[in-house]
Amino acid sequence: MSSNMKNSSGNNKESQSDLNFDTLALHAGSEENFTQALVPPIFQTSVFELENVDMGAEFCAAHNPSEFYTRWGNPTISQAQKVLAQLEGAEAALLFSSGMGAISAALLGALDPGSHVVIHNSMYAGSTELVRGFFKKIGVEHTFVDATNLKEVESAVQENTSLIFIESPSNPVLGIIDLEAIADIGKHNSIKTAVDSTLASPYLQRPIELGFDIVLHSGTKYLGGHSDLTAGVLASSESFIQECWKYLKLFGACISPFEAWLLLRGVKTLPLRVQQQCNNAFALAKFLESLDEVERVYYPFLDSHPQKTLAERQMQAGGGMVSFELKGGKGISRRFVESLKVIRLAVSLGGVESIIQHPATMTHGMLSEEDLAASGISPGLLRCSVGIEDVEDLKRDIEQALR
Ligand code: PLP
């Protein structure tokens, strides 16, 4: 950090470790605030002036320097990284231009040609495609498992396995995987464990505290929270972050300072937003279950969810996502989503507005019929990301669309 930038509150770092999550979401990273401004400025620059040539050489070889060239690092990005690391309870975090950027870098950091990854069979389709396409091409083997079945995970572990990669809650059928048990399998076999925790956000679950090595997020979703940015987060140990940063720099998946700043702003209201989304989603899940037109509802805290007890143990609330099947299958589902007025038809999730989508043709449309079935995605399944609206308006919208 150059000497002309003032660290206005460097003395409050220690006390931050005592803060509860809601307070931390507001105040984390304030020790990285280089001015007296309550809201941190955006360092909207691609490059930084150097004092001499030696300094240039030093920064060029350094890990993630925050004042050299923005693909290497940037003060706004560094501040957001510190905040995300604190919220996840990780040693360090890296920000990327998208969730897929973070997932790609983590897999590149953990897997070498000739190694093997055990991967959950019901994940965000981009993760599945990446492992089955790119990583296979560079000589990484994989085994798909139902990671809700711990025996299946254990028996898929091979001599050359170097990573277990899961997603919980999983997308879109909201399966819950026992994070502590998977972390134990990883430790027992000296294998790294990675979880895509996007659907929970650090407000609902903190996998590093349960023994996970790597936590991934599409920051585009709950962390940003307003559907106005794309970002990815990788939280882990300092040494793994250093390894992955090389890929961030070389593949160029760096977040822009403005989007890092939007993310900083977004996380301040993460607890409020997500709590309201969880309240609405739980109420909507129960409402949907009461309707004759609905075949099945997927929501982790419903009595009908097979992993309800586990979900209650490892998550603070059931999350803001509800998936459901209407009686009558694909044709009815399609007419239904096109008849909604308040709930909008769109992919993505985690924003303050409620949105709905049809996974079999949209987010998971690239999967074969066989893979869709293995992921539990029926032709009529709908996935709703519940927002912060008055839930009575959402119920009325569903009723009018069903009519
Ligand atoms: N992980 C999950 C669970 C997602 O839902 C998504 C995107 O929808 C991603 C990762 C990829 O994130 P991004 O679109 O920010 O690259």
Considering only distance and modelled atom types, tabulate donor-acceptor pairs under 3.5 Å from the side chains of residues 224-235, sequence neighbours left out.
unit_1, atom_1, unit_2, atom_2, d
H226, ND1, G224, O, 3.0
T230, OG1, S97, O, 3.1

D371 versus S368, side-chain donor and acceptor atoms under 3.5 Å: yes
Between R273 and T269, a side-chain donor and acceptor under 3.5 Å: yes
Does [X] have more than 12 heavy atoms from other residues, nucleotides or ligands lying within 6.0 Å of its [atom1]?
{"X": "R71", "atom1": "CZ", "value": "yes"}
{"X": "E49", "atom1": "CD", "value": "no"}
{"X": "Y69", "atom1": "OH", "value": "no"}
{"X": "K136", "atom1": "NZ", "value": "no"}

Test item: T161 side-chain N/O and L163 main-chain N/O as donor-acceptor pair under 3.5 Å: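 Side chain of T161 to backbone of L163, a donor-acceptor pair under 3.5 Å: no, none is there.
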Donor-acceptor under 3.5 Å (E152 side chain, D146 main chain):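 Side chain of E152 to backbone of D146, a donor-acceptor pair under 3.5 Å: yes, one is there.
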Q314 and S168: CA distance, side-chain angles, deciding distance, side-chain contact (heavy atoms from CB on, under 4.5 Å) verdict: CA-CA 10 Å; Q314 70 186 25; S168 186; 3.8 Å; yes
Using 30° and 60° as the class boundaries, would you call the ring planes of [X] and [Y] parallel, tilted or perpendicular?
{"X": "F59", "Y": "F68", "answer": "tilted"}
{"X": "F258", "Y": "W261", "answer": "parallel"}
{"X": "Y124", "Y": "H364", "answer": "perpendicular"}

Please give me the minimum heavy-atom distance between [X] and [Y], naming the atom from each residue.
{"X": "V83", "Y": "G29", "value": "CG2-CA, 3.6 Å"}
{"X": "S236", "Y": "I214", "value": "OG-CG1, 3.8 Å"}
{"X": "H120", "Y": "E167", "value": "CD2-O, 4.2 Å"}
{"X": "I208", "Y": "A90", "value": "CD1-CB, 3.4 Å"}
{"X": "G114", "Y": "E141", "value": "O-OE2, 4.5 Å"}
{"X": "S66", "Y": "P75", "value": "O-CD, 2.9 Å"}

For the atom pair [atom1] ([X]) and [atom2] ([Y]), what is the distance rounded to the nearest 0.5 Å?
{"X": "D22", "Y": "K268", "atom1": "CG", "atom2": "NZ", "result": "13.5 Å"}
{"X": "I103", "Y": "L108", "atom1": "CD1", "atom2": "CG", "result": "12.0 Å"}
{"X": "I332", "Y": "L326", "atom1": "CD1", "atom2": "CG", "result": "7.5 Å"}
{"X": "F240", "Y": "L94", "atom1": "CZ", "atom2": "CG", "result": "9.5 Å"}
{"X": "L38", "Y": "T35", "atom1": "CG", "atom2": "OG1", "result": "9.5 Å"}
{"X": "K395", "Y": "L288", "atom1": "NZ", "atom2": "CG", "result": "10.0 Å"}

From CA spacing to verdict: side-chain contact (heavy atoms from CB on, under 4.5 Å), V173, S323: CA-CA 6 Å; V173 290; S323 294; 5.8 Å; no
Verdict with reasoning, F165 to H142, per side-chain contact (heavy atoms from CB on, under 4.5 Å): CA-CA 10 Å; F165 180 26; H142 60 264; over 6 Å; no
Stepwise salt bridge (charged side-chain N to carboxylate O under 4.0 Å, His left out) test for K187 and D184: CA-CA 5 Å; K187 285 201 170 63; D184 282 351; 5.7 Å; no
Applying side chain to side chain contact (heavy atoms under 4.5 Å, CB included) between [X] and each of [options], report the one that passes.
{"X": "E289", "options": "V322, L284, L302, V294", "answer": "L302"}
{"X": "H358", "options": "L381, V347, I377, L382", "answer": "L382"}
{"X": "I343", "options": "D393, I356, V337", "answer": "I356"}

Residue from Q205, E88, H217 passing side chain to side chain donor-acceptor pair (under 3.5 Å) with S197: Q205
salt_bridge(K151, E154) N-O dist < 4.0 Å: no
Lys/Arg N to Asp/Glu carboxylate O, K308 vs E312, below 4.0 Å: yes
side-chain contact (heavy atoms from CB on, under 4.5 Å) evaluation trace for L84 with L263: CA-CA 10 Å; L84 268 310; L263 200 60; 4.2 Å; yes
